[in-house]
There are 2 protein chains.
Amino acid sequence: MTLSEENYLKTIYHLTAASGSEVSTNAIAEKMETKASSVTDMLKKLSDKDWVNYKKYQGVSLTQKGLLAAKMIVRKHRLWEVFLVDKLQFAWDEVHDVAEQLEHIKSEQLINRLDDFLGNPTKDPHGDPIPDRSGKVIAIEKVLLSEVLPGQDCQCVGVKDSSAAFLKYLDNNKIALGTQIKMLSEEEFDLSLKIEIEQRQIVISHKIASNLYVKLI
Amino acid sequence: MTLSEENYLKTIYHLTAASGSEVSTNAIAEKMETKASSVTDMLKKLSDKDWVNYKKYQGVSLTQKGLLAAKMIVRKHRLWEVFLVDKLQFAWDEVHDVAEQLEHIKSEQLINRLDDFLGNPTKDPHGDPIPDRSGKVIAIEKVLLSEVLPGQDCQCVGVKDSSAAFLKYLDNNKIALGTQIKMLSEEEFDLSLKIEIEQRQIVISHKIASNLYVKLI
DNA sequence: CTCAGATTTTTTGCTAGCCAAAGATACGAT
DNA sequence: ATCGTATCTTTGGCTAGCAAAAAATCTGAG
């Protein structure tokens with residue numbers, strides 16, 4: 001499988017997870033910053049090789065084989081992210097680009113030994129689940145902070161947006177995975193939220209809250 | 001720089017080190033298992049970009065810029081080999097193919113942090129020197145075992161051939177980096193050598209001895 | 001010096017991946 | 001139902017990388 005094919009499979013996997021159904025040509029083109037015509041080209045190739053189910057004008061979905069392949073790429077990406085953060089002291093906003101490269105290294109032995117070396121982690125530095133070597137993914141129950149009701153206690157477990165800008169904002173505000181958060185109140189006008197973190201009350205925008213996953217406690 | 005360009009630079013570097021002078025198109029083609037026509041194509045590109053000095057029919061050599069780039073690729077290759085052996089329990093005959101992939105990952109931060117994580121090693125698992133982050137290479141004094149005189153004590157410090165077959169032979173005969181070897185005698189007929197390793201006398205062929213580097217003690 | 005053989009370069013043609021433009025299809029509004 | 005628009009596919013063409021074959025160049029023996 002070529003590097004380009006792997007990137008398409010991964011993108012389709014993420015878009016499918018987000019939408020729950022078939023993915024459109026344009027959605028793929030936008031996400032990959034390429035043109036729809038290029039996507040159509042590739043979808044035909046992937047379909048010929050039985051990685052995806054593709055019907056003209058109808059969108060695309062992964063086959064069983066394609067789904068497993070995509071999960072293995074995600075597995076590699078997230079394990080490398082753990083390596084970078086846990087072992088090489090990268091910050092969680094610095095790992096994405098390097099992991100994008102490392103995820104294409106082909107060696108089952110390598111990735112399984114890396115998995116063991118890291119202690120078989122189940123989540124990456126952003127809280128996303130790491131598929132195990134058979135492809136199984138253990139999803140964690142999580143809710144967007146923007147949906148939590150006043151008075152509720154919760155704990156930060158993940159981010160929806162993992163851009164460096166957002167992650168740096170969280171660092172600056174001392175919000176990390178595992179941080180306890182108490183929802184205090186919502187401002188009706190702009191949907192901003194007052195929350196309490198470690199005896200500290202702060203106000204965060206709706207945009208921030210709708211990109212932060214928490215679990216209720 | 002593309003993956004293909006990196007592989008050419010690395011090959012030219014190794015061939016230059018071995019021959020000491022300009023490298024021929026055919027020598028590169030043979031080493032890379034490709035055709036001379038492909039090599040000529042690439043040499044023109046590399047020359048346009050000022051990585052190599054190239055004159056038609058005259059062979060090729062690295063520019064200052066090309067030499068540094070080649071050393072950085074070798075640095076990455078060897079550091080990843082150390083990682084695979086020291087941290088992931090790979091055997092020294094298993095690391096080459098994976099390191100060939102990992103050497104192309106582009107991130108100066110990654111490679112320098114990996115270097116620190118590994119304790120700034122100066123040699124890879126086969127005894128070859130690792131260029132430091134400025135490109136400096138500390139060559140170790142070494143001699144082929146086939147050139148050692150009878151009665152001489154020495155210590156294994158590297159291999160010339162690092163194929164899996166040769167490395168496995170050394171494993172089977174309990175020869176590793178650091179192993180003490182005493183040269184006993186040479187058989188005139190086939191140049192085979194009798195040596196002593198840890199109170200054990202064995203006979204090795206000339207071919208083996210001429211692929212094993214030692215330092216005299 | 002000349003020419004045969006070896007080496008190197010050029011030519012030609014293939015595949016992968018990408019894109020612009022043009023044509024085909026789907027779908028909502030009327 | 002059909003029209004208009006948004007979306008998707010096809011066509012044709014581009015570049016990079018690779019290789020077989022032909023042409024050019026070099027080299028050494030005589």
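Fair warning: this is a prediction, and the values are worked out from it, not measured in the lab. Below, chains carry the letters A, B, ... as their sequence lines are ordered, and counting in each starts from 1. When reading the values below, keep in mind they use all heavy atoms of this one structure, side chains included, and skip hydrogens, waters and symmetry mates.
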**Student:** Round to the nearest Å and state the distance from Y8(A) atom OH to dA16(C) atom P.
**Tutor:** 14 Å
**Student:** Expressed as a whole number of angstroms, how long is the span from L43(B):CG to dT9(C):P?
**Tutor:** 7 Å
**Student:** Protein-nucleotides 24-28 of chain C N/O pairs closer than 3.5 Å?
**Tutor:**
residue: dT25(C); atom: O4'; partner: Y57(A); partner atom: OH; Å: 3.4

**Student:** Nearest whole angstrom, please: distance from the P of dT8(C) to the NZ of K55(B).
**Tutor:** 16 Å
**Student:** Do NZ/NE/NH1/NH2 and the carboxylate oxygens of K10(A) and E103(A) come within less than 4.0 Å?
**Tutor:** yes
**Student:** Could you check whether T25(A) gets within reach of a base, just the sugar-phosphate, or nothing at all, counting any heavy atom under 4.0 Å?
**Tutor:** sugar-phosphate
**Student:** S24(B) side chain N/O closer than 4.0 Å to the phosphate oxygens (OP1, OP2) of dT7(C)?
**Tutor:** no
**Student:** Can you measure I28(B) atom CD1 to dG17(D) atom P for me and round it to whole angstrom units?
**Tutor:** 16 Å
**Student:** Distance check needed: dA16(C) P versus M42(A) CE, whole Å only.
**Tutor:** 10 Å
**Student:** If you look at every heavy atom in K76(A) and I105(A), which pair is closest and at what distance?
**Tutor:** NZ-O, 3.0 Å
**Student:** Any chance you could lay out the side chain to side chain contact (heavy atoms under 4.5 Å, CB included) test for L193(B) and V203(B), step after step, and finish with the verdict?
**Tutor:** CA-CA 5 Å; L193(B) 301 169; V203(B) 175; over 6 Å; no
**Student:** Can you tell me if K160(B) has over 12 outside heavy atoms packed within less than 6.0 Å of its NZ?
**Tutor:** no
**Student:** Of the options dG17(D), dC18(D), dT9(C), whose atoms approach the side-chain atoms of T2(B) most closely?
**Tutor:** dG17(D)
**Student:** Below 3.5 Å between N/O atoms, which protein atoms pair up with nucleotides 19-22 of chain C? Just atom names and distances, please.
**Tutor:**
residue: dC19(C); atom: OP2; partner: T34(A); partner atom: OG1; Å: 2.2
residue: dC19(C); atom: OP2; partner: K35(A); partner atom: N; Å: 3.2
residue: dC19(C); atom: OP2; partner: S38(A); partner atom: OG; Å: 3.2
residue: dA20(C); atom: N6; partner: S37(A); partner atom: OG; Å: 3.3

**Student:** Do D132(A) and S134(A) pair up side chain to side chain, a donor and an acceptor below 3.5 Å, judged on atom types alone?
**Tutor:** yes
**Student:** Is the charged tip of K142(A) near the ring of Y213(A): under 6.0 Å from the six-membered ring centre and within 45° of its axis?
**Tutor:** yes
**Student:** Could you go through the side-chain hydrogen bond (donor to acceptor under 3.5 Å, both in side chains) check for H104(A) and Q101(B) one step at a time?
**Tutor:** CA-CA 9 Å; H104(A) 298 293; Q101(B) 297 181 63; over 6 Å; no
**Student:** I want to verify a distance call: between dC18(C), dT8(C), dG17(C), whose nearest atom is closest to the K45(A) side chain?
**Tutor:** dG17(C)
**Student:** For S4(A) and for A27(B), locate the closest nucleotide of DNA chain C by heavy-atom distance; then report the residue assigned to the nucleotide nearer the 5' terminus.
**Tutor:** A27(B)
**Student:** Got a second to check how far F117(B)'s CZ is from L84(A)'s CG, nearest 0.5 Å?
**Tutor:** 11.0 Å
**Student:** Write down the distance between CG (N26(B)) and C1' (dG5(C)), rounded to a whole number of angstrom.
**Tutor:** 14 Å
**Student:** Starting at CG of N7(A) and ending at P of dA16(C), how long is that distance when rounded to a whole Å?
**Tutor:** 17 Å
**Student:** Under 6.0 Å between ring centres: does that hold for F83(A) and F83(B)?
**Tutor:** yes
**Student:** Expressed as a whole number of angstroms, how long is the span from K44(A):NZ to dG17(C):C1'?
**Tutor:** 13 Å
